[in-house]
There are 2 protein chains.
Amino acid sequence: MKKSVTIKDVAAYTGLSVGTVSMALNGSERIAQKTKKYVAMAADELGFRKNPFARSLSTKKSRIIGCIVPDITNQFYGEMVGHLQKELVERDYGLIVGFANEDRNQEARLISQFIDRGVDGIISVPVTDTKHDISQIRTLYEDSFPIVFISAYYKDIPYYTVMADLEDGMYQITASFLKKGYKNMAFVFGDLNLIPSSERLNGVKRAYAAAGIEFDPSNIFQASGVTYLAGYSTVVNYTGHNKPDVIFAINDIMAMGIISALRAKGMRIPEDIKVAGFDDISNAAFLETPLTTVSQSIELMCRETVTLLLNRLEGKNTFSGIKKIQTTVIIRESAY
Amino acid sequence: MKKSVTIKDVAAYTGLSVGTVSMALNGSERIAQKTKKYVAMAADELGFRKNPFARSLSTKKSRIIGCIVPDITNQFYGEMVGHLQKELVERDYGLIVGFANEDRNQEARLISQFIDRGVDGIISVPVTDTKHDISQIRTLYEDSFPIVFISAYYKDIPYYTVMADLEDGMYQITASFLKKGYKNMAFVFGDLNLIPSSERLNGVKRAYAAAGIEFDPSNIFQASGVTYLAGYSTVVNYTGHNKPDVIFAINDIMAMGIISALRAKGMRIPEDIKVAGFDDISNAAFLETPLTTVSQSIELMCRETVTLLLNRLEGKNTFSGIKKIQTTVIIRESAY
DNA sequence: ACATTGAGTTGAAACGGTTCAATTTTACGA
DNA sequence: TCGTAAAATTGAACCGTTTCAACTCAATGT
């Protein structure tokens, strides 16, 4: 590491004062055009780079956003992080990441680490498990620390959230299958206390109610998680007698696990049994049996989330509730 | 945002000097035990949090590491980022991420952004495409900026790299199939100029040579990328007449795409054709047809990489060449 | 010729820590 | 009780920016 060129060196080189150089570099109105150009050239010539720490110390801004997702191995969250990063980089922000493994304590630790690192704001996929202590989040909210939620929210803190309209998505897809005449449908969700499950379930119930059909709660299966393996295991460990017409998984990854296990049992998809996912991850269309699913536009969600957060950072006043993003049912071969 | 408590407040509260408080909080040897305890309590009571910018300005360290991977959507890199994050967090470092999309220019931009953000070091999966300008990397190397490479390296800059022993892995798996009597094997790789492809190819050739069998280069297929879709398309678009006994994909994701396309063409795996991947991503074992593959221990690679980087940061002198991590062939149903 | 205005620039005070030479306090042996 | 060495603490310099009140200076109107 060669010793670094500071703004002082640029000032000395140009014969201007440090303040002028600083303002020139920041494009201040009060500096003459030609001075700005001159300073820019000199800075370039000397290879000057702003020291981010000094800048941050003075401005109290780091232009770094912290982001917490449950599990980066899940392609859905992979795509989410990818889009968030893209949106942020475009606006000259950096993204620092953490993975909470669906554990509220880890999420809490990450949040406080991020704050200690001086992030300007946080985007989190909250761990909405109701069993856990949420006071940290409440305090942040009360201090109006810029944290926004994506893809879920805390029941008690339904603010600054961007998520897909899960209930409506599930309503649509359930209704469409009810209309086709299928009634015996199984729903493999994760922990039903979590918002993402309970919202979907509401959609399901609403669809049955709208169709005037009674909903049998024994068709809800609570898997050990929302992963490929959880889907796989749920099918493998199922000892019941009921063979549903359609199985709905809480997400595509889980649907893939379910399909895999069903096939291993010798069933054909969609002939013997239909399977639908949720999310429309990028290769859902290219699976051996292209997957019927409900698309949440991750890209749109991420863009809205970043916009919401940055608007808050800039002090613009923003929508503070739960913004729901429209979903779309996509019928593919796995459940024609 | 309530106004923050500074070290000065703690000093005033305890009646000690700022210097003492700072050293006490940093656990300096020169401060009396009881003073440290006293200061810690006071700091706690006042809710003092160190300002990271001031700290960094003074120490010239941010405890943030930048990490660049080609594509976060690929589960292999998802797992990689997950492990890197875990290793770093354990050592109280933060991880800031960027995605290069296999594009050297994007990588370059990210690297310089990271440096401007004041990262202490960089971990990159390099885009080893030889067509592109690599002078930035060379300069970094010459300035001995702490950058380490994972999973690949630049041909001209074979330093500070941790990667799986791709050549040996491919040698092993190829040899094992040659031994079983299969000779007509196809290899679907990405751009052959890239290290990850060329190393594997060397392994293949070495295995054929060792078995005394001539290798037919027309069995190498260069796909348009290394994604699920690239694998899928390669099979779909194949118009040749040759039906190989075994298809080796450059990675598991691609193997999945290949299997999917083969099945769509009515072939049975492994009866009609065998398929093997590479990486052993976490659900490779749970696919409909569990996947034969070569396991690279991502976790071990990540740990070695982080250790290497942090040792460099601490000025310890470290191994500076290419550290190869042992791979393991895993035979599963897709290619019994 | 002279006040007035406004554009452009300066200089010093933050920002909140770390570091270390200098100084003070403490502990111990004679 | 005193002298001295070791331990603990102090205080000021420093890190590299931003910010803004005060200042300079040229242009303008009268």
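Note that the structure is a prediction, hence the values are computed from the model and not measured. Atoms considered below: every heavy atom in the structure, side chains included; atoms not considered: hydrogens, waters and symmetry mates.
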Rounded to whole angstrom units, what separation is found between the [atom1] atom of [X] and the [atom2] atom of [N]?
X: A/Leu57; N: D/dC15; atom1: CG; atom2: C1'; answer: 9 Å
X: B/Glu29; N: C/dT19; atom1: CD; atom2: P; answer: 14 Å
X: B/Lys34; N: D/dA8; atom1: NZ; atom2: C1'; answer: 10 Å
X: A/Phe53; N: D/dG16; atom1: CZ; atom2: C1'; answer: 11 Å
X: B/Leu16; N: D/dA8; atom1: CG; atom2: P; answer: 13 Å
X: A/Lys36; N: C/dT9; atom1: NZ; atom2: C1'; answer: 14 Å
X: B/Gln33; N: D/dT9; atom1: CD; atom2: P; answer: 11 Å
X: A/Lys61; N: D/dT18; atom1: NZ; atom2: C1'; answer: 13 Å

Worksheet item: Would you say the side chain of A/Ile150 lies within less than 4.5 Å of the side chain of A/Thr161, judging by non-hydrogen atoms?
Response: no
Worksheet item: Does a side-chain heavy-atom distance below 4.5 Å link B/Arg55 with B/Asn51?
Response: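 The answer is no; the side chains never approach within 4.5 Å.
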Worksheet item: With a non-hydrogen cut-off below 4.0 angstrom, is A/Thr6 in contact with a base, only sugar-phosphate, or nothing?
Response: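 Sugar-phosphate contact only.
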Discussion item. Counting the atoms with a prime plus P, OP1 and OP2 as sugar-phosphate, which does B/Ser56 contact under 4.0 Å by heavy atoms, base, sugar-phosphate, or nothing?
Written reply: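 The answer is nothing, as B/Ser56 stays clear of every strand by at least 4.0 Å.
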Less than 4.0 angstrom between a side-chain N/O of [X] and OP1 or OP2 of [N], yes or no?
X: B/Lys60; N: D/dG16; value: yes
X: A/Ser58; N: D/dT17; value: no
X: A/Ser17; N: C/dT9; value: no

Of the options [options], whose atoms approach the side-chain atoms of [X] most closely?
X: B/Met23; options: C/dT18, C/dG16, C/dC20; result: C/dC20
X: A/Arg55; options: C/dT9, C/dC20, D/dT17; result: D/dT17
X: A/Ala32; options: D/dT9, D/dT17, C/dG8; result: C/dG8
X: A/Thr35; options: D/dA8, C/dG8, C/dT10; result: C/dG8
X: A/Ile31; options: C/dT9, C/dC15, D/dT17; result: C/dT9

Fill in: Modelled atom types, side-chain donor and acceptor of B/Asn26 and B/Lys50, under 3.5 Å
yes
Worksheet entry | Between B/Tyr160 and B/Phe149, ring centroids under 6.0 Å |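 Here the rings of B/Phe149 and B/Tyr160 have centres that are no less than 6.0 Å from each other.
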Discussion item. With side-chain contact (heavy atoms from CB on, under 4.5 Å) as the test, pick out the partner of A/Leu95 among A/Ile64, A/Ile123, A/Val81.
Written reply: A/Val81
Item to complete: Map B/Arg30 and B/Asn51 onto DNA chain C by nearest heavy atom, then report which one ends up closer to the 5' terminus.
Response: B/Asn51
